[in-house]
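Atoms within a ligand are numbered from 1 in the order they appear, just like the ligands themselves.
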Amino acid sequence: MLHDNLSVGENGHLYLCGADTVTLAEKYGTPLYLLDEDRIREKCRTYHRAMKAYFTPDSRPLYASKALSFRGIYRIAREEGMAVDVVSPGELYTALSAGMDAADICFHGNAKTEADIRYAIDAGVGLFAADSTVELDRISAYAVQRGITQRVLLRITPGIDPHTFDAVNTGKVDSKFGSAIVTGQAEEIFCYARALPGVELCGFHCHIGSQIFDEKPFCDAADMMLTFMIALRDTYGYTAEILNLGGGIGVRYTEEDPYIDIDRTLELVGAHLHAVCEETHYPMPKILMEPGRSLVADAGVTVYEVQNVKTIDGYKSYAAIDGGMTDNPRYALYRSRYTVVNASRASAPADFVCTVAGRCCESGDLIGEDIALARPACGEYLAVLVTGAYNYAMSSNYNCIAKPPIVLIAGGVDRLAVRRETFEEMTACQL
Ligand code: LLP
């Protein structure tokens with residue numbers, strides 16, 4: 001199977017970390033998001049251990065909670081000693097309401113409003129990743145008004161193309177995020193930030209993209225950032241305390257995707273950072289990283305019930321399910337490929353090639369095309385694998401479809417973490 005938390009039981013059903021996905025679908029209804037909590041915790045520990053061992057003892061992972069944001073996941077993050085990256089006041093609110101310590105939160109975003117900044121400062125967020133001089137002005141003014149000093153990082157675009165597809169490429173020079181080194185704007189914003197009252201510049205942040213499968217782009221980004229930091233030290237006598245290298249480690253969605261060893265990747269990035277710092281006599285900064293997808297994606301499976309199977313002779317076949325782009329818009333948006341299994345007969349040969357279609361009134365509502373699985377019958381369950389990241393987080397109520405529940409599985413025991421949305425809740429804001 002694609003990941004070692006997946007198996008087939010003697011009854012032929014698909015199991016996720018020892019739990020029968022068909023039994024859970026019957027218990028909670030479909031569509032249903034399942035999450036292997038043990039795996040998420042194990043990944044948090046891997047990042048922690050590796051960053052301390054290979055970077056510096058105070059280096060730390062921040063969970064990029066845009067990948068999957070609900071109270072339960074922040075509780076897990078907190079229990080695992082993770083810091084957290086949030087990109088909106090809503091994520092901040094959810095994290096705080098789950099008991100996260102504001103000091104462990106970094107507030108991101110390229111268009112933070114005045115209200116966002118005030119809310120985050122009032123909450124006591126530990127760090128801002130500041131994107132522009134306008135934002136720095138707002139942080140500075142409100143911090144001065146409050147009589148505090150706000151710690152900030154500056155978001156820098158190092159100009160690295162990690163060779164992923166454009167929609168998730170964020171570290172290139174023409175990005176909507178941050179200030180580019182080559183245009184001189186990074187140096188300008190550095191000088192600007194240093195002169196502001198109420199703001200303590202702690203270092204720099206970059207995020208070069210997503211679905212990266214080797215250490216090279218991270219090493220290249222680190223090179224660009226360190227070269228920039230060394231130039232600032234030599235010109236202005238400023239030494240950065242923190243270098244935040246963002247997220248982006250890839251995840252295996254299909255058999256064609258490679259495996260990536262997180263520990264080994266961080267070991268190689270760490271060795272590279274140490275070598276450059278030694279050579280340039282730059283004190284090794286505290287490294288932060290912001291994994292999102294690689295912490296939660298392969299912990300997730302979505303289970304659907306098949307509503308119809310049709311073959312258009314000479315053309316193609318469809319399996320229609322009771323969910324789709326409202327709970328997983330990633331194929332519709334990015335043509336992202338998924339592995340789909342007939343969860344009711346997971347050991348049967350995958351000899352039926354079809355398009356898995358969602359229930360929305362829209363031809364583009366697909367989970368995938370050219371998908372091979374055991375020919376499903378109406379009422380059987382399909383499992384879409386590796387849906388832990390950017391599925392629930394990107395879900396919508398299009399066609400007034402209610403959001404599915406999330407069930408966490410820990411030590412083989414399932415528990416409801418987000419219940420199914422009711423129509424009353426879905427329409428609650430409508431006057
Ligand atoms: N840090 C920053 C500043 C980011 O912008 C992101 C992702 C991350 C960390 C986490 O990256 P990860 O480790 O998850 O690759 N909706 C798209 C993904 C957008 C990612 C945006 N930023 C998708 O479904 O593929």
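Where the criterion is an N or O separation shorter than 3.5 Å, residue side chain and backbone included, Y334 meets it with respect to ligand 1. At least one N/O-N/O distance between Y390 and ligand 1 falls below 3.5 Å. Any N or O atom pair closer than 3.5 Å counts here, and R293 shares at least one such pair with ligand 1. At a 3.5 angstrom cut-off on N or O pairs, P291 does not count as close to ligand 1. Checked against a 3.5 angstrom limit, the closest N/O atoms of G292 and ligand 1 fall inside it.
Within the listing of ligand 1, atoms 1 (N), 9 (C) sit less than 4.0 angstrom from a heavy atom of D85. Those atoms of ligand 1 that come under 4.0 Å of a heavy atom in R330, given as number and element, are 23 (C), 24 (O), 25 (O). Against a heavy-atom cut-off of under 4.0 Å, R155 is close to the following atoms of ligand 1: 3 (C). Close approach to A64 involves these atoms of ligand 1, each under 4.0 Å from a residue heavy atom: 8 (C), 9 (C), 10 (C). Heavy-atom contacts of S210 reach the following atoms of ligand 1: 11 (O), 12 (P), 15 (O) (cutoff under 4.0 Å).
Cation-pi geometry between R337 and Y253 is not satisfied (NZ or CZ under 6.0 Å from the ring centre, within 45° of the ring normal). A cation-pi arrangement is absent between R138 and Y142, since the terminal nitrogen or guanidinium carbon is not both under 6.0 Å from the aromatic centre and inside a 45° cone about the axis.
If you take CG on N244 and SG on C106, they are separated by 6.5 Å, rounding to the nearest 0.5 Å.
The pair R146-D122 counts as a salt bridge, with a side-chain nitrogen and a carboxylate oxygen less than 4.0 angstrom apart.
For the pair G248 and ligand 1, a heavy-atom separation below 4.0 Å is found.
Checked against a 6.0 Å centroid threshold, the rings of H207 and H108 do not count as neighbours.
For E241, the salt bridge (charged side-chain N to carboxylate O under 4.0 Å, His left out) criterion is met by R151, not counting sequence neighbours.
Between F107 and F128, the ring-plane angle classifies as tilted under the 30° and 60° cut-offs.
Closest heavy-atom approach to atom 22 (N) of ligand 1 among the candidates M289, M394, K66: K66.
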